Amino acid sequence: MPELPEVELVKRDLEKIVGFEIIDYELSDYVLNGHKGNKRTIVKQSLQEFNRVQYSTIYSLGRRGKYMYFSLRKELSDFNLVAHLGMSGAFFIVNNLDEITEKNFKKHWQVIFRLSNGQILVYSDIRRFGEMRIVDSIEGFKPIAEMAPEYTEPSARAHFINTLKSGRYDESFIKPIIMDARILPGVGNIYASEALYISHILPTKRVKNISRERLSNLFDAIIEVFELSLSYGGSTISDYRSVTGGSGEMQNKFKVYGLKTCSEGHELKTKVMSGRNTYYCTKCQR
DNA sequence: AGCACGCTCCGGGCGC
DNA sequence: TGCGCCCGGAGCGTG
């Protein structure tokens, strides 16, 4: 389940294809025709629009929250291929499909881009929750247009605290709300539990009952978790893989997620909040 | 209008 | 061996 650090690591891995041209591409039957009478997956806009990638050159890569994008140039026009990895998306840069050693990722390829250096860029997605879309402007793409500043921006902390303290979220539980990209982009289910544990805040606490100082500590904790994850190569739960097929070690650093006891030895509680599993310690968190 | 909430997409992995 | 259930990011429909 890629969150911001995993997406950032994928983006960094993909830097090596900057400068190459996309000669052509192939879409899986799931992408072309959907599955069992359902709508098409991954590429949800018109295939004609998607076809703009052909003969374009990748001139840079970017990321906002959990979205990454390839900035493309063709003749005199610039546009972007935005990608969201969903639950189980992964990119591979290989010479052919057989070089993808994990069989589920090989089996569930969705888009294959053939590059001008002879390699292929493969987007695989087992559960097909991911998305790829051509947009002219990144800033004009709605989810990004509405997104809060990146955690690395100087304004991010004030935006985080002030938005939470605007009154609009007074009755919300803190845990689901920090996963909202309009508050702070890139926090998913796992790192939400981790950051709340580190900042000693109960996930079931209502926003109105958390001081600005504690929210500031929570912001610090989220950044701490992001940076730690980046340094450990991300989390590999089941479906996240780096571009080269490697896996991260952050899952071994979890303090609460998926665990029975916290680092202090207290028994952990779990609760489903907004449909998602949440881990917390009633002794360490208030 | 704008918001909160629940449903939906999906296959691997697990328990029974 | 097979069946039912669980998991979750984010868009969408509903109230």
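On a predicted model such as this, the values are computed, not experimentally measured, just so you know.
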Legend entry - Whole-Å distance separating the CG atom of A:Asp170 from the P atom of B:dC3: 14 Å
Legend entry - Length of the line joining A:Ile42:CD1 and B:dG11:P, which is rounded to integer Å: 11 Å
Legend entry - Spacing between A:Lys103 atom NZ and B:dG12 atom P, to the nearest angstrom: 8 Å
Inset, instruction - Encode nucleotides 4-10 of chain C as B, S and - characters from 5' to 3', where the letter depends on protein heavy atoms closer than 4.0 Å: B to the base, S only to sugar-phosphate, - to neither. - result: ---BBBB
Legend entry - Over 12 non-hydrogen atoms of neighbours within 6.0 angstrom of NZ in A:Lys271: no
Inset, instruction - Check for a donor-acceptor pair, side chain of A:Ser199 on one end and backbone N or O of A:Tyr197 on the other, with a separation under 3.5 Å. - result: no
Legend entry - Interatomic distance where CH2 belongs to A:Trp109 and C1' belongs to B:dG11 [whole Å]: 18 Å
Legend entry - Donor-acceptor contact below 3.5 Å, side chain A:Arg206 vs main chain A:Glu171: yes
Legend entry - Distance, rounded to the nearest Å, where A:Asp125 contributes CG and B:dG11 contributes P: 11 Å
Legend entry - Sugar-phosphate only, base, or nothing, as touched by A:Lys107 at under 4.0 Å among non-hydrogen atoms: sugar-phosphate
Inset, instruction - Return the value, rounded to whole Å, for the distance between atom CZ of A:Arg128 and atom P of B:dT8. - result: 18 Å
Legend entry - Residues that A:Tyr191 engages under ring-ring contact (aromatic ring centres under 6.0 Å, His included), provided they are two or more places apart: none
Legend entry - Cluster link A:Tyr67 to A:Leu81, ILVMFWY, side chain under 4.5 Å: no
Inset, instruction - Grab the CZ-P distance between A:Arg168 and B:dA1 for me, whole Å please. - result: 18 Å
Inset, instruction - Identify whether any heavy atom of A:Asn104 sits under 4.0 Å from a base atom; if not, whether one sits that close to sugar-phosphate; answer base, sugar-phosphate or nothing. - result: sugar-phosphate
Inset, instruction - Applying salt bridge (charged side-chain N to carboxylate O under 4.0 Å, His left out), name anything that partners A:Glu99, two or more places apart in sequence or on another chain. - result: none
Legend entry - Spacing of A:Met273 atom CE relative to B:dA4 atom C1', expressed in whole Å: 14 Å
